[in-house]
> 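What follows is a structure written as structure tokens; I'll ask about it next.
Convention: sequence-line order gives letters A, B, ...; per-chain numbering from 1. The shown structure was predicted, so the numbers you read here are calculated from the model rather than taken from an experiment. Heavy-atom basis, side chains included; hydrogens, waters and symmetry copies ignored.
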Amino acid sequence: MSERVLDVENLSIKIPVIGGMLHAVDNISLHVERGETLCIVGESGCGKSLTSLAIMDLLPKKAIRTVDKMSLSDADILNFSEKQMSNVRGNKMGMIFQEPMSSLNPSFTVENQMLETLSRHRNIVGSKAKALVVQMLEKVGITPAEKRLRQYPHQLSGGLRQRVMIAMTLLCEPELIIADEPTTALDVTIQAQILKLMKDLQNDFNVGLIFITHDLGVVANIADRVAVMYAGQIVEEGSVYDIFDSPSHPYTRGLLSCIPVPGKIKRGEPLGSIPGMVPSLVGDFSGCRFSGRWSVADEQLEGADIRLVAVPDESNTFKVNGSETHLVRFCCQDCLKKSYNSDRRKAN
Amino acid sequence: MLYYTLKRLALAALVALTVSFISFGLLYLSSDPAIAMAGETASDADIEAIRQLYGFDRPILVQYFDWLQRAAAGDLGKSYYFRTDVSALIGERLPTTMTLGVCAITFAILLSVPLGVAAAIRPNSIIDRIALFLSVMGQALPSFWFALMLIVFLSVSLRLLPTSGSDTWLHFVMPTVVLGYYAAPAIMRLTRTGMLEVLSTDYIRTARAKGLRPPVVLFKHALRNAIIPVVSLAAVQFGFMLGGSIVVETIFALHGAGFLAWESITRNDLPTVQGLILVFSLFYIVLTFFADLINAWLDPRIRIK
Amino acid sequence: MSNENIATTAVTKASIYTRFTGHQGVMIGAFIVIAIVVVALFAPVLAPHDPYHQNLLTRLIPPVWDSRGSWEHVLGTDHLGRDYFSRLIYGARISLLIGFGAALISGLIGTIMGVMAGYFGGRVDMVVTFLITVRLSMPVVLVALAVVAIVGGSLQVVISVLGLLLWDRFAVVMRSSTLQIRSMDYVAAAQAVGCSTKRILMTEIMPNVVNNLIVIATLEMAHAIILEAALSFLGLGVQPPLPSWGLMVSEGKDMMLFEPWLITIPGVALFLLVLAINLMGDGVRDITAPENRN
């Protein structure tokens, strides 16, 4: 029996910059169930990190967040005051960041930094708290825990630090964890270990996980559902199988074609890539966000066995092959026309 | 950490030696130290007596090593003007200056650290502008003039504080302010810059993401890291206060080492001047040495491995 | 350009001129400094009286805003009947001369040492760093006082002593700037092409460290001016009857309770000059190298 841990509707983030207003994130909606992993995929600058900060209400002061609905399990955190939000952060909702090297305070021991979470949210101190911390460190695979407790962050490797971060986030048994590219800065072998660890822990604690990444290999590994972000919008979402089996948005297809698969790609053939650059989203952006980014691979969309059914009340949004959960979104009519000729589109 | 300390110690010793040589040599800038000390009205016999007494007729290097040897044993010679041992003289006056210095640096820190923190929390706000304004003003204010203005207003117009002497703690109020305010701008700016940097680090973001309360984030996590360079600066500024104490003590007639410096310089009491330069320099050296150590100790990245 | 880049990059492509005129601090500072320089240059023309002329009949006349004052002596007279306004104007010359002179000498010494240390590294660097540490360990005020006492006080002596003592910041900053520049590619390119050391120093390194040099020069100028004022105040700087502002304060302090203008006027002048120079220095730093703020 899964319950919805996070529900976000129509989140937009605008940042005033020199030159106008940057529309960093444009009307996106997300939801995560308990025990489920939602992967947000996209290239640098698409707004995925800002989205996670928006959920935690940790955006920089200049940023303007507008959202219709934001609830954590049953709590409506949209209108929470800063005080209420600080009770939620680290407690019901935790976050793991990309750079383990700099995410821990260099002046305090591991023990100190972990204990303060417990004393802040659960009022547990002393030996009882220490026992819990030791237990958690062992759960994330750090043994001997006692030795590491007394150490300072600079004495730990990147992988160890990330484990500490994970342990710290799990201490109060949160309902939701947002992980912003937690393995990007680690070696590939360590990456694999950490991913497995996170997946195991998710099962143990039945926590909802939002995993942000630009690496589709990681997505294939751990995701239950996927949301593909491009230029501040979610262009495609669905289960991990849907996305990999029938990618419906040219951007998704482009991302997939970028992964060189040994065997499939011939020597001497150019690696797949998405041409062009992310457009500037400053000012009243009304043009096609995807212009200039079409590639040869996308021509094949015509031949793909994809049926689109329009979703009422949402412009340019379609259900793929009739599925309620697999949706694709186009920024404008041009993109739609270029992707699919009118035979493929069936009005509702 | 031990190796670091030893290295620093060796360097400090070398610097001390060099400074001692320079401060010794400075006094031979005058063509004849004996005449300088005796004064213009002294007779030839007097001058010769001084020359013999202080051994000015020997080669300079011999004089230096002799002086160094005795200085290492604590004997800084005899003051010509005060007719006592220089070491005793300095020893008697130094506590007053130290007291003044400690009060002054405390005053400076209590004034500038909170201001710097407040300015960093709200950059470009009113308080930030006030802090920067005060720091710019403070750096342009000549201390001797500030002292006189304070005397005119507080002692004379308002009759709040005594003008001179060192009997009660009230006598130390104005000197503390005059000596301390000059260190405040630098400390404020460093605190502000340090806090601004630290507040934008990843680990502060983590602290917020953990739901820690703002005072905890600010004081436990941020300030702890931002304060490290400030401690060094405060130690160095404390060292500078010895120089500043000359002006302050002279204006307020506080009988400390700074006043002694002025007295002995204006009376060409060379042995005392030599002794003072040495003592002041050694003090700086020791102070910066400890500042380095504290700096290293405060940062676990240097302290451990 | 990605969105994050837009958000963090300053779009100003304004020229140096525009950035200067737009910076409040620099403009105010420059205006005051230029005004004082002009006044000092045209002192003989602007001063209504001879600053050295004593007249015991006209001693201690208050400035014009006091009821007993008059326009004859706009800023009053001192204890020897000398016109304060004229002395103030000529005093500007002294402060400016000290400032420029000391900054020039210390700038030369410090820059040469710093650039050598930064460029050649190794032993040279070690020696220079050691010398800087030695210099920093010496109490400047005390040493300056002692030297002036021994050698005798005069304008030249003060400029020389301050010049020989205030080079440390120049050395430190020039050294780190040079180190920074030296590691950049275009220096390596020049070396690869075979340029002589001297040529590299002149054409590659110097133009790029000039910003920092200007900033430090202004700060040390202000520092020298304040120091000279303090030395003269203590009687061990410029000697009477020269109208050094510090000396004027010292001469006036015995009468400061009843004739406060004697100390307020030169004090304010000092404060303004030093403030203006500091504003300029800060401003130049803000414009050319905001990352060095401290």
> Under 4.5 Å heavy-atom distance to chain B, tell me which part of C/Phe271 shows up: side chain, backbone, both or neither.
both

> If I measure from the heavy atoms of chain B, does C/Leu236 come under 4.5 Å with its side chain, its backbone, both, or neither?
side chain

> Between atom OG1 of C/Thr264 and atom CE of B/Met149, what is the distance when rounded to the nearest 0.5 Å?
5.5 Å

> Looking at every heavy atom in both B/Phe280 and C/Pro139, which two are closest together, and how far apart are they?
CB-CG, 3.6 Å

> Decide yes or no on side-chain contact (heavy atoms from CB on, under 4.5 Å) for B/Ile151 and C/Met256, but give the supporting numbers first.
CA-CA 10 Å; B/Ile151 290 179; C/Met256 69 182 182; 3.9 Å; yes

> Between B/Tyr182 and chain C, which part of the residue has a heavy atom less than 4.5 Å away: side chain, backbone, both or neither?
side chain

> Under 6.0 Å from the CZ atom of C/Phe130, do we count more than 12 heavy atoms belonging to anything else shown?
yes

> If we define contacts as heavy-atom pairs under 4.5 Å, which of C/Leu131, C/Leu273, C/Asn278 has the most with chain B?
C/Asn278

> So which of C/Ile225, C/Val249, C/Leu270 actually passes side chain to side chain contact (heavy atoms under 4.5 Å, CB included) with B/Pro142?
C/Leu270

> Of all the heavy-atom pairs spanning B/Tyr284 and C/Met138, show the shortest one and how long it is.
CE1-C, 3.9 Å

> How long is the straight-line distance from OG of B/Ser281 back to CG of C/Leu136, given to the nearest 0.5 Å?
11.5 Å

> Verify side-chain contact (heavy atoms from CB on, under 4.5 Å) between C/Ile150 and B/Leu270, making sure each step is shown before the conclusion.
CA-CA 9 Å; C/Ile150 292 170; B/Leu270 299 187; 4.3 Å; yes

> For the atom pair OG1 (C/Thr133) and CD1 (B/Ile285), what is the distance rounded to the nearest 0.5 Å?
9.5 Å

> If every non-hydrogen atom of B/Ile277 is compared with every non-hydrogen atom of C/Ala146, which pair is closest and at what distance?
CD1-CB, 4.4 Å

> Check whether B/Thr288 gets within reach of chain C through its side chain, its backbone, both or neither, counting any heavy atom under 4.5 Å.
neither

> Can you tell me which of B/Leu242, B/Leu11, B/Leu141 forms the most heavy-atom pairs within a distance under 4.5 Å of chain C?
B/Leu141

> Please determine whether the number of non-hydrogen atoms from other residues, nucleotides or ligands lying under 6.0 Å from atom OH of B/Tyr64 exceeds 12.
yes

> What part of B/Val136 lies closer than 4.5 angstrom to a heavy atom of chain C: side chain, backbone, both or neither?
both

> Measure distances from C/Leu257 to the heavy atoms of chain B and classify the residue's part below 4.5 Å as side chain, backbone, both or neither.
side chain

> Which one, B/Leu278, B/Val19, B/Leu148, leads in non-hydrogen pairs under 4.5 Å with chain C?
B/Leu148

> Please classify the contact between B/Ile22 and chain C as side chain, backbone, both or neither, with a heavy-atom cut-off of under 4.5 Å.
side chain

> Can you say whether C/Ala222 sits under 4.5 Å from chain B via the side chain, the backbone, both, or neither, judging by heavy atoms?
neither

> Specify the closest pair of heavy atoms between C/Leu142 and B/Ala261, including all atoms of both residues, with the distance to one decimal.
CD1-CB, 3.7 Å

> Please find the pair of heavy atoms, one from B/Trp262 and one from C/Leu234, that lie closest to each other, and give the distance.
NE1-O, 3.3 Å

> Could you check B/Trp145 against C/Ile226 for side-chain contact (heavy atoms from CB on, under 4.5 Å), going step by step and ending with a plain yes or no?
CA-CA 10 Å; B/Trp145 187 62; C/Ile226 286 197; over 6 Å; no

